[in-house]
Amino acid sequence: MSQFPKDPVMLLSVVNTNLRDFYPNLDEFCRANDINRAELEQKMKQINYEYDEERNRFV
């Protein structure tokens, strides 16, 4: 996850943009970017965001 912002709010923006533009779901995004999904979800929970599969984004 070193190529992504450390700040959770900036990370949220980058991840949601990537999900919208390039990936059908969070698993594909994590696999393609060698990211641990649980760690990413935990980081997003710190700012009260959770992944919504139906919308394919953190809300």
Side-chain angles (χ1 to χ4, degrees):
M1 227 164 84
S2 62
Q3 73 269 26
F4 292 98
K6 302 282 186 236
D7 178 80
V9 176
M10 294 298 295
L11 179 61
L12 171 68
S13 177
V14 170
V15 170
N16 275 346
T17 299
N18 273 271
L19 288 170
R20 181 192 69 212
D21 295 345
F22 304 112
Y23 299 97
N25 57 53
L26 185 58
D27 287 328
E28 289 295 320
F29 170 79
C30 289
R31 192 173 304 118
N33 291 284
D34 196 30
I35 293 174
N36 180 299
R37 179 178 173 152
E39 286 180 25
L40 176 60
E41 289 184 300
Q42 184 60 38
K43 194 156 197 154
M44 294 296 99
K45 281 184 182 182
Q46 293 174 0
I47 57 170
N48 299 315
Y49 279 80
E50 292 188 8
Y51 181 65
D52 182 326
E53 288 186 39
E54 201 169 289
R55 294 180 181 173
N56 190 34
R57 65 183 205 156
F58 282 91
V59 294

- Message: Using the rule that Ile, Leu, Val, Met, Phe, Trp and Tyr join whenever any side-chain heavy atoms are under 4.5 Å apart, tell me whether Val14 and Tyr49 fall into a single cluster.
- Response: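 The answer is yes; both residues are in one hydrophobic cluster.
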- Message: Please determine whether residues Ile47 and Leu19 belong to a single hydrophobic cluster, defined as Ile, Leu, Val, Met, Phe, Trp and Tyr linked transitively by side-chain heavy-atom distances below 4.5 Å.
- Response: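 Same cluster.
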[X] and [Y]: which non-hydrogen atoms are nearest, and at how many Å?
| X | Y | result |
| --- | --- | --- |
| Val59 | Arg57 | CG1-NE, 3.4 Å |
| Tyr51 | Arg37 | CD2-NH2, 3.6 Å |
| Leu40 | Cys30 | CD2-SG, 4.1 Å |

- Item | Atom pair CZ/CG of Arg20 and Asn56 - distance to nearest 0.5 Å |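 Between atom CZ of Arg20 and atom CG of Asn56 there are 11.0 Å.
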- Message: Looking at Asp34, I want to see if its CG is surrounded by more than 12 non-hydrogen atoms of other residues, nucleotides or ligands under 6.0 Å.
- Response: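 Not buried by this count: 12 neighbours or fewer within 6.0 Å.
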- Assess whether atom CD of Gln3 is packed by more than 12 heavy atoms of other residues, nucleotides or ligands within 6.0 Å.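 Enclosed.
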Within the structure provided, determine whether [X] and [Y] are in side-chain contact (heavy-atom separation under 4.5 Å).
| X | Y | answer |
| --- | --- | --- |
| Glu53 | Asn25 | no |
| Glu41 | Leu26 | yes |
| Lys45 | Glu50 | yes |

- Message: Between Tyr23 and Phe29, is the ring centroid distance below 6.0 Å?
- Response: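 Here the rings of Phe29 and Tyr23 have centres that are less than 6.0 Å from each other.
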- Main-chain N/O of Leu12 paired with Lys43 side-chain donor or acceptor, under 3.5 Å: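 Such a contact is absent between Lys43 side chain and Leu12 backbone.
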